[in-house]
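One structure is given here, and the rest of the page talks about it.
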Amino acid sequence: MVVVGIESTAHTASVGVVNERAEVLAVASDMYRPPRGGIHPREAANHHVEVLPDLVRRALAESGIRPTEVEAVAFAQGPGLGPCLRAGATVARMLSLAWDRPLVPVNHCVAHVEIARVLSGLDDPMLLYASGGNTQVIAYARGRYRVLGETLDIGVGNFLDKLWIELGGSFPGGPALELEARRGAELLPLPYSVHGMDVAFSGLLTATLALHAKGVSRPDLAYSVEVTAYAMLTEITERALAHRGRDAVVLGGGVACNERLRTMVRTMVEARGGTMYAPPRSLCVDNGAMIAWTGLLSLGSGGTVPVESSAVAPRQRTDLVQTPWRGS
Ligand code: AMP
Ligand code: MG
């Protein structure tokens, strides 16, 4: 059984092809990079409309799968930027009609958990989801994926991107800041904002920019920001583990590509006698394969929708989505 998945919640348009053994047969992605500043939803959506047809062709060619062999077409229904979501959903509807295959809506955050869960082989891990727009600790409980902790202001990735642009760099900031941080030596005191199982980044942003204005070196700033922000994420993950009596953590989201974050979370989890798994980077960032895989799971429990009722849901909450394949 093969499912095609379409991801377009934010800056990445991606098409994945996955089979029932969770083998990723193809992923074709193209990320919108704004000429300057942050992401503009309408421009990102135009980018997705332009690249998606070719991404579909590339993914099919790479997988060696013919449309007649495709069981269903899955798409990211939300959460995300409305215009971007609609671009992906439109392509998914069109493929569903053209190929006469069912359409399966998928929650983007649940997809990050499911791809990490199947790749890790861990039955019931907690997810630290650290991406551009989202920063959440998610665990399954009583029939739903629950958000145990989250950012109270901006996503950690957006924070890193905004900071890096203010420091004179360009989007995306996370990977560039990671390289810069390797050259840093001095750990500067910065605001550490953990509130129970939630975090906030705006104070950290303001304080870092104030130090920058005073002439503090960029490598030291990058190093101190990484250590501080990732310690906050590690702390809320540990608190969630302790609170729920769990011992396994998986990572997801673009910021989960970061080596320092991976090491810090791994060190914490292993010190507790648990297991940490981070997917390959291509499957941490937004990708069509996770949508295809979650669509395949949902298909197995009847999660199809008619084209007429396949509206996107930009504010869809993880904990309001049905996940019947997980049982209760
Ligand atoms: P996503 O929203 O999941 O597609 O991830 C995109 C975000 O991940 C952007 O904010 C990037 O700056 C961030 N990101 C990507 N790679 C890294 C990295 N190595 N370290 C930190 N952040 C990263
Ligand atoms: Mg994501």
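For the single chain, residues carry numbers from 1 onward in sequence order. Whatever order the structure lists them in is the order used to number ligands and atoms, beginning at 1. For clarity, every value in this text was computed on a predicted model and none was experimentally measured.
- A donor-acceptor contact shorter than 3.5 Å links the side chain of T135 to the backbone of V156.
- At least one donor-acceptor pair closer than 3.5 Å links the side chain of R262 to the backbone N or O of A256.
- Under a 3.5 Å cut-off, the side chain of E178 and the backbone N or O of N258 do not form any donor-acceptor pair.
- Protein nitrogen, oxygen and sulfur atoms, that is N, O or S, within less than 2.8 Å of the Mg ion (ligand 2) amount to 4.
- Side-chain contact annotation: D286 with H112, donor-acceptor N/O pair under 3.5 Å present.
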Run the side-chain contact (heavy atoms from CB on, under 4.5 Å) test on E114 and V106 for me, step by step, so that the C-alpha distance in whole Å, both residues' side-chain angles and the decisive distance to 0.1 Å come before the verdict. CA-CA 11 Å; E114 291 299 353; V106 166; over 6 Å; no
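- Near ligand 1, residues H11, S131, G132, G157, L160, D161, P172, G173, G174, P175, E178, Y230, G253, G254, V255, C257, N258, D286 each place a heavy atom inside the 4.0 Å sphere around the ligand atoms.
- Side chain of T237 to backbone of L233: a donor-acceptor contact under 3.5 angstrom is found.
- At distances below 3.5 Å, at least one donor-acceptor pair connects side-chain atoms of D153 with backbone N or O atoms of S202.
- Aromatic ring pairs are classed by plane angle as parallel below 30°, tilted from 30° to 60° and perpendicular above 60°; the pair Y129 and H108 is tilted.
- Judged purely by distance below 3.5 Å, without hydrogens or angles, the side chains of E180 and W164 never pair a donor atom with an acceptor atom.
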